[in-house]
*Asks:* 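First the structure, then my questions, so here it is.
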Amino acid sequence: MLRRTSTNIISDIESHYDKILKNCNTLRSLIQLHSVLTTTGLIKQSVHLGAKIIISYSTFKHIEHARFIFNTHDHISSSFLWNTMLRGYVNNGFHAHALGFYKLMHGYGIKSNNFTYPFVLKSCASDGICSYGKVVHCEVVKSGFGTDGYVEAGLVDMYAGCGVIEDARKVFDGMGGRDVVCWTAMISAYEQSGRGGTALELVKEMQDESLRMDWVTCVTVASAVGQLGDVKRGKSVHGYAVRNGFLDEVPVVNSILAMYGKCGEVEYAEMLFEHTKKRECITWNSMLTCYTQNGLASEALSLFEQMKLSDVNPNEVTALVLVSACAYLGSRQHAIKIHDFITVNNIEINLSLWNAIIDMYAKCADLDTALKLFQDIPLDQLHVSSWNTLIAGYGMHGYGKEALNVFNQMKEEGFQPNHITFTSVLSACSHAGLIDEGKKCFSELETFAVVQEPKHYACMVDMLGRAGQLNEAYELIKNMKLQPNDEVWGALLLACKSYGNTNLARVAADNLFNLEPEHTGYYVLMSNIYADSKNWEQVGILRQDMKNKGLRKPAALSFVEFNNELHGFHTGEQLDSFTRDVYQKVKQMVTELKMAGHVPDLSCVFHDVEEEDKDGMLIYHGEKLALAFGLMNIDPKLPIRITKNLRVCTDCHSTFKLVSRVYGRKVIVRDVNRFHHFEDGLCSCNDYW
DNA sequence: GTAGGGTTAG
């Protein structure tokens, strides 16, 4: 007869409870099992069961229960138990606790082993505490685990997480026998630090060593490709993922969707999204982002309606994307809807979401709500970024004095302005024509030790340009210590347009065409300047130049908000019955305005055609159609809100001013640069935009 | 009887 030893019996009991533990799907059943094991005393005696319960509690995020079991265990010197507890902390993101626990382990004289370090290093990486990571690295070397592949991969990740990519690379280069996980760690390190190109070079090196990408590598590679906007490589990664069956892994789909979004390939993203059955929150977010990034904010909002019908819960990133979509659309009604949704669904509003909501209201021309939300920020959470958002909000509406007041208040309350604060303040001064104040702010950059950026100069050039001080603006550019970028020259070009300075415009344009040869807007602006001076020959040359480069002027599109919906109008004749009435109204409006003294500004039509035809082309501008629609349908007590994807033309601008006086209507127009508030015959931009 | 690389937003 076989005699059973006590070891056999214990292992029988352990496997018995193992089975029960596996079926503990709820916290309640786990607590029940815990109490049984406690009364029998088993939990304190068995390292195996103790560890299992610690991990189970950790997965239910009840880390203090886990710690209690650890603290009361008989085998407190078991490094396996220490490692298990450490794992609990790390997997729940309690990195500071993890590091404290690791130090405690030292205090108790427990030796770390090859299983301990990967956990500790992960905590060092997540908290970005490189100094402590280096201490751990020394300990790794001293304890002789410096050549363990898992530990080395952890070191690579730790240095990458702390942003010290060179040190990550040193560890990586010193490794023997690198597998695909190690390579991916290093590739990801480059990708995360914004060096997508280097990441892809490393992929090639890996493949040269006959290692194949697995699905995690694919996720990283798709991100790197997205950074570079390299559609061709993007499609090849997609193909690779398909051939290897990696699309079953949701993160691969998410990453490829995001990549297509960044490459501007909306249709590919849509196809992939449609073919994906297993959609997680991030999958929806990636598709929403793809739409928003590509200027398809309405599509994003309709997709969100679909998402609400699915069984996936939106998170704070979903909220952020939708808020930016609403900001893009400038639709206040949508803004309120999304804001309500966030509140009703208890979506956590972190600082960046809060700022985004303030920015959204500002872009929907509801500055009262924006200000109220700013004032609602708890004092201990108030951050320079929120001040910046508010200042920018006032600035884009031409409320320069208000922006300056906020700026002063911010300084009085002891907040340190940063480079973004100055961009916002300077831009506010520029939009409001506050030149002396703007110059004073510019000099304050030094006072606050903020490094000058081209953007700051662009604001100054815009400010001087608005005042007609073109030579001073040009001198400022010539004396810049930095290399002027396209924004700086662009501001000068705009000023040249307003003041009809073709010679200086040519200088600005030459620089712009060198810096941004693919930017359609600058060609259009220069061509308009030539058209203003009736230099049709140069207009023709520029047009041909654009054609040769395959550049096309983007179609003008205007939206007007009515009854919770946005109605879009493009320039030109539209023949459906819906717009026929609008046409009648435009014609009537234009006639009435002519009687009120409006003279059409034909310089807005940049074609070399007969004057009579020009008149006809002008009245069909999308924003005029939108305005007519608004006059017909919107309650006269409410402002008419119009958004437009390009700049407003001079004739529309003067028409809008007159409409605000003749019909006594408030009109708020958001163009690509700023807001125009039309009231009583005047515009908040003071006729410079 | 434990461990390493990963996706959206900013």
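Lettering of chains follows the sequences in order, A, B, ..., and the numbering in each one begins at 1. The figures here come from the full heavy-atom set of this structure, side chains too, leaving out hydrogens, waters and symmetry mates.
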*Asks:* What nucleotide, of B/dT7, B/dT2, B/dG5, holds the atom closest to the side chain of A/N254?
*Replies:*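 The answer is B/dT7.
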*Asks:* Base, sugar-phosphate, or nothing for A/V180, non-hydrogen atoms under 4.0 angstrom?
*Replies:*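 It contacts base atoms.
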*Asks:* B/dA3 C1' sits how many Å from A/W82 CH2, rounded?
*Replies:* 19 Å
*Asks:* Taking the side chain of A/E191 as heavy atoms from C-beta outward, which of B/dT7, B/dG4, B/dA9 is closest to it?
*Replies:*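 Per side-chain heavy atoms of A/E191, the pick is B/dT7.
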*Asks:* To the nearest Å, give me how far apart CG (A/L272) and C1' (B/dT8) are.
*Replies:* 14 Å
*Asks:* Contact class for A/S188 (heavy atom, under 4.0 Å): base, sugar-phosphate, or nothing?
*Replies:* sugar-phosphate
*Asks:* Which of these nucleotides, B/dT7, B/dG4, B/dA3, is closest to any side-chain atom of A/C182?
*Replies:*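 Shortest atom-to-atom distance from the side chain points to B/dG4.
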*Asks:* Hey, does A/S79 reach any base, or is it just sugar-phosphate, or nothing, if we go heavy atoms under 4.0 Å?
*Replies:*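 The answer is nothing, as A/S79 stays clear of every strand by at least 4.0 Å.
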*Asks:* Whether the side chain of A/N294 engages the backbone of A/L296 through a donor-acceptor N/O pair (distance < 3.5 Å, no angle test) should be reported.
*Replies:* no
*Asks:* Given the structure, check if the side chain of A/S352 and the base of B/dG10 hold any donor-acceptor pair shorter than 3.5 Å.
*Replies:*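 When only heavy-atom distances are counted, A/S352 does not reach the base of B/dG10 through any donor-acceptor pair under 3.5 Å.
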*Asks:* Regarding A/K170 and A/D173, does a basic nitrogen lie under 4.0 Å from an acidic carboxylate oxygen?
*Replies:* no
*Asks:* How many whole angstroms separate atom NZ of A/K262 from atom P of B/dA9?
*Replies:* 4 Å
*Asks:* Tell me the interatomic distance from A/I282, atom CD1, to B/dT7, atom P, rounded to whole angstroms.
*Replies:*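 Going from CD1 in A/I282 over to P in B/dT7 covers 9 Å.
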*Asks:* Base, sugar-phosphate, or nothing for A/V219, non-hydrogen atoms under 4.0 angstrom?
*Replies:*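 Sugar-phosphate only.
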*Asks:* Output yes when at least one side-chain N/O atom of A/Q192 is less than 4.0 Å from OP1 or OP2 of B/dG10, else no.
*Replies:*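 Negative; the distance criterion is not met.
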*Asks:* Using atom CG of A/L121 as one end and atom C1' of B/dG5 as the other, report the distance to the nearest whole Å.
*Replies:*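 One finds 14 Å between C1' of B/dG5 and CG of A/L121, rounded.
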*Asks:* Does A/F119 reach a base, just sugar-phosphate, or nothing at all? Heavy atoms under 4.0 Å.
*Replies:* sugar-phosphate
*Asks:* Taking side chain to side chain donor-acceptor pair (under 3.5 Å) as the test, write out the residues that go with A/D230, two or more places apart.
*Replies:* none
*Asks:* Given B/dA9, B/dG4, B/dA3, identify the nucleotide with an atom nearest to the side chain of A/V181.
*Replies:*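 Per side-chain heavy atoms of A/V181, the pick is B/dG4.
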*Asks:* Show every donor-acceptor pair shorter than 3.5 Å between a side-chain atom in residues 86-94 of chain A and any protein atom, with sequence neighbours excluded, or say none if there are none.
*Replies:*
from  : atom 1 : to    : atom 2 : distance (Å)
A/Y89 : OH     : A/R67 : NH1    : 2.9
A/N92 : OD1    : A/K61 : NZ     : 3.2
A/N92 : ND2    : A/S58 : O      : 3.1
A/N92 : ND2    : A/G88 : O      : 3.0

*Asks:* Take atom CH2 of A/W183 and atom C1' of B/dG5, then tell me their distance rounded to the nearest Å.
*Replies:* 14 Å
*Asks:* Under 4.0 Å between a side-chain N or O of A/Q293 and OP1 or OP2 of B/dA9?
*Replies:* yes
*Asks:* Looking at A/K308 and A/E305, is there a salt bridge between them, counting it only when a charged N and a carboxylate O are closer than 4.0 Å?
*Replies:* yes
*Asks:* Please state how far atom CG in A/L247 lies from atom C1' in B/dT7, giving the value in whole angstrom units.
*Replies:* 13 Å
*Asks:* If you check every side-chain atom of A/V321, which of B/dT2, B/dT7, B/dA9 has the closest atom?
*Replies:*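 Nearest listed nucleotide: B/dA9.
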*Asks:* Check for a donor-acceptor pair, side chain of A/H75 on one end and backbone N or O of A/S77 on the other, with a separation under 3.5 Å.
*Replies:* no
*Asks:* Quick one: label A/D157 by what it contacts on the DNA or RNA (base, sugar-phosphate, nothing), any heavy atom closer than 4.0 Å.
*Replies:* sugar-phosphate
*Asks:* Whole angstrom is fine here: how far is it from CG in A/L320 over to C1' in B/dT8?
*Replies:* 10 Å
*Asks:* Ring-on-base stacking between A/Y150 and B/dA3, under 5.5 Å between centres and under 30° between planes: is it there?
*Replies:* yes
*Asks:* Does any N or O donor sit under 3.5 Å from an N or O acceptor when you compare the side chain of A/D179 with the base of B/dG4?
*Replies:* yes
*Asks:* Base, sugar-phosphate or nothing for A/C281? Non-hydrogen atoms, less than 4.0 Å.
*Replies:*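 No contact.
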*Asks:* Ignoring backbone atoms, test whether A/K122 places a side-chain nitrogen or oxygen under 4.0 Å from the OP1 or OP2 oxygen of B/dA3.
*Replies:* no
